[in-house]
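So you know, we letter chains A, B, ... as the sequences are listed, proteins then strands, and number each from 1. From a predicted model like this one, the values you see are computed outputs, not experimental measurements.
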There are 2 protein chains.
Amino acid sequence: MSASGIGEGPKAQSGKRMPLFLSKYVNKVDKKGRVSVPAQYRAALPKEGVPGVIVSPSLKLKCLDCADYEFIEKLSSGIYGNFGLFTDQHNEVATSVFGDSDLLQFDPNGRITLSDDLRKYANIDSNALFVGLGKTFQIWEPKAFELHRASIRDQAIEAAATMRPVENPGGAL
Amino acid sequence: MSASGIGEGPKAQSGKRMPLFLSKYVNKVDKKGRVSVPAQYRAALPKEGVPGVIVSPSLKLKCLDCADYEFIEKLSSGIYGNFGLFTDQHNEVATSVFGDSDLLQFDPNGRITLSDDLRKYANIDSNALFVGLGKTFQIWEPKAFELHRASIRDQAIEAAATMRPVENPGGAL
DNA sequence: AAAATTACTATGATTTCCCATTGATTCCTA
DNA sequence: TAGGAATCAATGGGAAATCATAGTAATTTT
């Protein structure tokens, strides 16, 4: 495995398709903290391997960052590659990324249970907004997301306008 | 089958020959929000891979932007390539690109169903106008498109007049 | 034993599938 | 070439499957 960053992604070209987390969904959170993960997201998760999602408080935003286990594994490889195993940088990143992460497994109905800490961090009460970010997704308190969304809209449009779809994918992750 | 071996119609095997979305079609939207995607457009979509289209509210116009799944896969690679995983830019772009995109899969009759949000955004009621843009297409409320068309016609004529024919083989019309 | 976690069951609502009808175009044949 | 048959596309409605959600029971943990 190379030491060049988070690379080594799935060969998006032929054969294997890469499922993406798309769109937005609002689901209810019950008294026990249970929420249904949108069926479309569950379908995008790898069926083999570790069942469930990795959830952690976002480093910069008042929301929860979510990904599947494979993604975290690749992330881990990337961190090891960029820094050495026992460097300060590795320690810092690894601590903040992995230390606060929970593996939340699905119950038989496709729900996960958000701990009090997680819910408190994102101010989630009785509704949870799932926002697809491609290879990851976030969980927000709906109103909080609207504010965040409004604050980034102009920059997002500007940044997106500078982008072009690459004809030869396979670059990162 | 053929002996000629040339051309051979819309056979989008490995992306060599890219079929284009052309012309305009008006189809009905029923109470459930279902619309037939024009058969000509369906024929232009890759047959292997995800059966459906990616639909999102246009950033600048009151219409819906549509593309095939490969398109957003390439976008994904581009986003991960251009911006680092944890940068603000990445988050902003991913939020607006993926969060606002829906993967609408075809029902057995070749229809997709537009969510209330999508229809509301584009003011689509009982008729939907499909407008081919080559590699992508748009969905409009018919009257709204007429207004838009009138407003851009002058600019299009002007732009075409300044084009250099040889260097711009696929540019206009 | 009490609390907390996990599993099971049920229900209402939505979504998806299936079939049936229509209109239009293409193909065949006389 | 005109008529007619066959095919395909678009549309509509009802049936079936899926999903989100709530409540309750069972199990584990401490």
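- Here C:dC17 presents its C1' atom at 17 Å from CD1 of B:Ile112, a figure rounded to the nearest Å.
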Between the protein and nucleotides 5-9 of chain C, which nitrogen or oxygen pairs come in under 3.5 angstrom?
{"residue": "C:dT6", "atom": "O4", "partner": "A:Lys32", "partner atom": "NZ", "Å": "3.2"}
{"residue": "C:dA7", "atom": "N6", "partner": "A:Arg34", "partner atom": "NH1", "Å": "3.2"}
{"residue": "C:dC8", "atom": "N4", "partner": "A:Arg111", "partner atom": "NH2", "Å": "3.4"}
{"residue": "C:dT9", "atom": "O4", "partner": "A:Asn109", "partner atom": "ND2", "Å": "2.8"}

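- Look at B:Asp30 and B:Arg34 and you find a salt bridge, because one of the NZ, NE, NH1 or NH2 atoms lies within 4.0 Å of a carboxylate O, short of that distance.
- Between the C1' atom of D:dA10 and the CD atom of B:Gln40 lies a distance of 12 Å, rounded to the nearest Å.
- Whole-Å rounding puts the B:Tyr25 OH to C:dA24 C1' distance at 14 Å.
- Between the side chain of B:Tyr121 and the backbone N or O of B:Ser58 there is at least one donor-acceptor pair closer than 3.5 Å.
- Distance A:Gln105 CD to D:dT28 C1': 15 Å, rounded to the nearest Å.
- The existence of a salt bridge linking B:Asp100 and A:Arg153 is excluded, since no basic side-chain nitrogen approaches an acidic carboxylate oxygen closer than 4.0 Å.
- A salt bridge links B:Asp107 and B:Arg111; the closest N-O separation between the charged side-chain nitrogens and carboxylate oxygens is under 4.0 Å.
- When the C1' atom of D:dT11 is taken as reference, atom CG of B:Asn127 falls 12 Å away, rounded to whole Å.
- Between the side chain of B:Tyr41 and the main chain of B:Gly132, a donor-acceptor pair closer than 3.5 Å is present.
- Closest heavy-atom contact between A:Leu114 and A:Leu118: CD2-CD1, 4.5 Å.
- Here B:Val29 lies out of heavy-atom contact (under 4.0 Å) with every strand.
- To the nearest angstrom, P of D:dA10 lies 14 Å from CG of B:Asp30.
- Remark: C1' of C:dT15 and CG of B:Leu114 are 15 Å apart, rounded to the nearest angstrom.
- Atom CG in B:Asn27 sits roughly 14 Å away from atom C1' in D:dG12 (whole-Å rounding).
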